[in-house]
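Residue numbering restarts at 1 for every chain, and letters A, B, ... go by the order of the sequence lines.
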Protein chains: 2
Amino acid sequence: MKNNNVTIHDISKALGIDSSTVSRALNNSDRVSKKTKEKIFNKAAELGYQRNSLASKLRTNRSNTIGVIVPRISRHFFSSVIAGIEETAFKAGFDVIICQSLESIEREKKLVETLLSNRVDGILISISMETSNYDHLDNYKKNGFPLIFFDRPCNVSENTNVIIDDVKAGFDATAHLLERGCKNIVHFSGPQNLELYQNRKKGYTNALNAYGIPFSEDLVIETQLMQQDGIEAARQLLNLPKVDGVFSANDTAAISAIQYLKTKQVKIPKDIAFVGFSNEPISAIIEPSLSTINQPDFEMGKVASTLLFEQIKNKKYAAENQTKILKPTLIIRDSSKF
Amino acid sequence: MKNNNVTIHDISKALGIDSSTVSRALNNSDRVSKKTKEKIFNKAAELGYQRNSLASKLRTNRSNTIGVIVPRISRHFFSSVIAGIEETAFKAGFDVIICQSLESIEREKKLVETLLSNRVDGILISISMETSNYDHLDNYKKNGFPLIFFDRPCNVSENTNVIIDDVKAGFDATAHLLERGCKNIVHFSGPQNLELYQNRKKGYTNALNAYGIPFSEDLVIETQLMQQDGIEAARQLLNLPKVDGVFSANDTAAISAIQYLKTKQVKIPKDIAFVGFSNEPISAIIEPSLSTINQPDFEMGKVASTLLFEQIKNKKYAAENQTKILKPTLIIRDSSKF
DNA sequence: AATAAAAATACAATCGATTGTATTTTTGAA
DNA sequence: TTCAAAAATACAATCGATTGTATTTTTATT
């Protein structure tokens with residue numbers, strides 16, 4: 001029942017069986033007889049043997065582990081993606097190392113290095129907001145290392161991306177407000193180095209176009225979309241002429257803006273209708289409940305990790321650039337009801 | 001600029017310098033001359049050398065990595081604790097592997113095994129709700145492996161725990177409701193195999209006692225405290241005679257209960273006042289905003305990891321049982337205002 | 001009983017870095 | 001210039017598991 005780092009050699013000595021046979025037995029190889037296996041299993045249990053994965057990984061040059069880097073694990077969207085990844089990984093017999101970049105490019109670089117020096121078999125990454133240069137990733141990608149971007153795509157070079165159709169989502173959200181009768185719709189936008197925010201904005205302008213409303217850059221407020229940014233944006237918005245709708249590129253900013261506007265006697269949705277983005281759990285609970293875009297988060301995790309495992313199994317895929325686009329859906333709640 | 005798994009031996013060959021010297025140079029040992037170091041650094045950069053941590057860890061038997069197991073990374077409390085842990089770890093030069101048990105004892109066991117077989121130097125764990133038996137941890141603990149429990153303590157055997165004073169928190173929350181004039185206070189309680197829920201309940205009963213109100217087991221509703229459980233509890237609560245206050249052992253259940261009661265025309269806090277537990281971000285945003293107990297989450301992460309690093313450095317500490325108790329604070333919001 | 005084929009087991013090298021010891025080179029004092 | 005001490009470098013074993021090859025044992029066939 002003891003445990004202090006028992007090795008296959010301890011089992012080997014205890015039984016007078018070569019360590020190679022012990023190793024094979026523990027891996028259930030059919031080169032070892034049933035009888036011997038049983039002896040070895042018993043002795044292993046008795047000594048409290050536990051495989052040293054480091055040695056195993058070193059020798060085989062496979063870690064059966066993938067790394068996942070997200071900006072922040074506490075964000076509902078990312079933790080749902082991770083849930084999807086973990087489900088697929090579990091079935092494939094892989095371990096998952098979860099890391100958060102906290103939106104810092106420095107941390108992100110360090111995490112990539114750490115994961116690689118621990119010889120993970122592949123990496124799934126949603127890049128930080130600060131990331132606009134991909135040197136720290138490109139190099140590995142070019143060497144055929146299995147690396148997949150999700151949610152925040154990287155189209156600089158040949159890469160595999162799993163994203164949602166942000167243009168369509170932006171279009172649907174804005175069109176919904178237009179259908180409702182909004183004429184002056186403000187867009188809370190995020191950092192434009194992230195393609196995803198470019199796309200949501202593109203969806204917004206496309207919709208305006210489609211409905212014959214002229215686009216004005218004055219109605220776009222670009223921030224980091226944090227809680228404080230939402231309040232600031234709401235403040236600005238009150239100085240704009242007769243705004244009657246807001247499409248926010250995330251829920252966080254939309255919610256804090258709504259909270260602020262309510263203190264200023266602005267009626268939501270009567271005076272200003274809101275649509276957010278991400279379907280954070282809180283958006284269903286606040287008052288008024290927030291219309292928003294639901295992203296297939298869990299599915300995204302499954303799709304991205306499935307692709308990654310294919311690349312790991314069959315390295316040639318790693319070279320092939322492919323982009324999977326998942327479909328978002330608009331959820332209409334009180335913040336934009338007629 | 002290539003990278004395909006360059007080793008110290010490649011550098012060694014390229015320069016005609018022994019690999020042991022290369023290794024020492026890369027670790028900045030003073031047994032290597034400045035001139036040689038420079039040559040080695042340059043060649044390493046040129047070849048795109050990256051240390052193989054697996055080999056290093058195997059040889060040194062130290063991984064400079066700790067494991068953290070929490071029930072769920074998406075819970076605000078846990079992600080804040082993790083932030084505290086990561087800050088301390090970063091300063092100490094340690095990597096952190098984050099894992100979630102999803103409240104499943106099976107997953108928890110598997111995670112512990114995986115972490116150990118990857119030879120982490122220590123583990124910080126907040127046990128799952130299902131965990132009532134500690135065999136999978138006790139064994140290692142007894143062998144002097146650095147292992148610290150946080151938030152959800154384990155007092156079965158000699159262990160190090162970092163917890164908050166749940167009895168005091170429960171007392172303060174309940175006393176606050178009593179001061180407000182509540183006479184029939186219901187307690188939403190959690191699984192009693194977790195000491196933390198026992199303690200919150202104890203605080204509740206202590207407060208009733210202190211204020212001369214008789215305790216009745218009928219007023220305690222024990223669930224898993226998930227969203228659905230809150231709704232169910234609220235339903236039950238309506239069948240109880242003149243309930244005028246609720247102390248919920250977490251925010252999630254309190255919030256869903258409030259949402260449900262509002263649909264039944266119950267006025268919060270006029271008819272029933274609420275105090276939750278954990279100070280989830282959402283609790284400040286819902287209406288009415290929820291009074292709750294703020295736990296020093298970030299600090300808990302720092303304290304727990306600091307203790308762990310002490311144990312890792314100085315193994316003898318690992319044997320010493322100590323419990324750190326952090327102080328919670330009551331945050332009064334609209335759900336319990338006069 | 002003899003022997004070829006098949007099964008089981010043993011031998012030995014290897015993965016990449018580290019580290020105690022041995023050897024060579026350099027330095028500086030006599 | 002000589003030589004001991006110090007500095008720099010090389011040698012070789014090691015961490016624990018895996019795996020190709022060699023050897024031994026068992027099985028089955030004639």
Among dT19(C), dC11(D), dA10(C), the one nearest Ile17(A) by side-chain distance: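 When the side chain of Ile17(A) is considered, dA10(C) is the closest of dT19(C), dC11(D), dA10(C).
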Donor + acceptor pair across side chains of [X], [Y] (<3.5 Å):
X	Y	value
Arg152(B)	Asn193(B)	no
Ser101(A)	Ser104(A)	no
Asp18(B)	Ser20(B)	yes

Please determine whether a side-chain nitrogen or oxygen atom of [X] lies at a distance below 4.0 Å from atom OP1 or OP2 of [N].
X	N	value
Ser33(A)	dT9(C)	yes
Ser20(B)	dT19(C)	no
Thr60(A)	dC15(C)	no

Short side-chain to backbone donor-acceptor contact, Asp121(A) and Asn64(A), under 3.5 Å: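 Such a contact is found between Asp121(A) side chain and Asn64(A) backbone.
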Backbone of Thr7(B) reached by a side-chain donor or acceptor of Asp10(B) within 3.5 Å: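 Indeed, once roles are kept as given, a pair shorter than 3.5 Å links the two residues.
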Euclidean distance, atom [atom1] of residue [X] to atom [atom2] of [N] [Å, nearest integer]:
X	N	atom1	atom2	answer
Ile11(A)	dT9(C)	CD1	P	15 Å
Gln50(B)	dC15(C)	CD	P	19 Å
Ile8(A)	dA17(D)	CD1	C1'	5 Å
Asn27(A)	dA17(D)	CG	C1'	9 Å
Lys57(A)	dG16(C)	NZ	P	16 Å
Lys13(B)	dA17(C)	NZ	P	12 Å
Leu15(B)	dT9(D)	CG	P	12 Å
Leu54(A)	dG16(D)	CG	P	10 Å

Using a cut-off of 4.0 Å on non-hydrogen atoms, how would the nucleic acid contact of [X] be classed: base, sugar-phosphate, or nothing?
X	value
Thr36(B)	sugar-phosphate
Thr7(B)	sugar-phosphate
Arg24(B)	base
Asn61(A)	nothing

Comparing Thr21(B) and Leu58(B) on DNA chain C - which has the more 5′ nearest nucleotide: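 Its nearest nucleotide being more 5', the pick is Leu58(B).
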Side chain Arg31(B) and base dT21(C) donor-acceptor under 3.5 Å: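 Answer yes: a donor N or O sits under 3.5 Å from an acceptor.
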Closest-nucleotide ordering on DNA chain D, the 5'-leading residue of Ala55(B) and Lys34(B):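 Final value for this comparison: Lys34(B).
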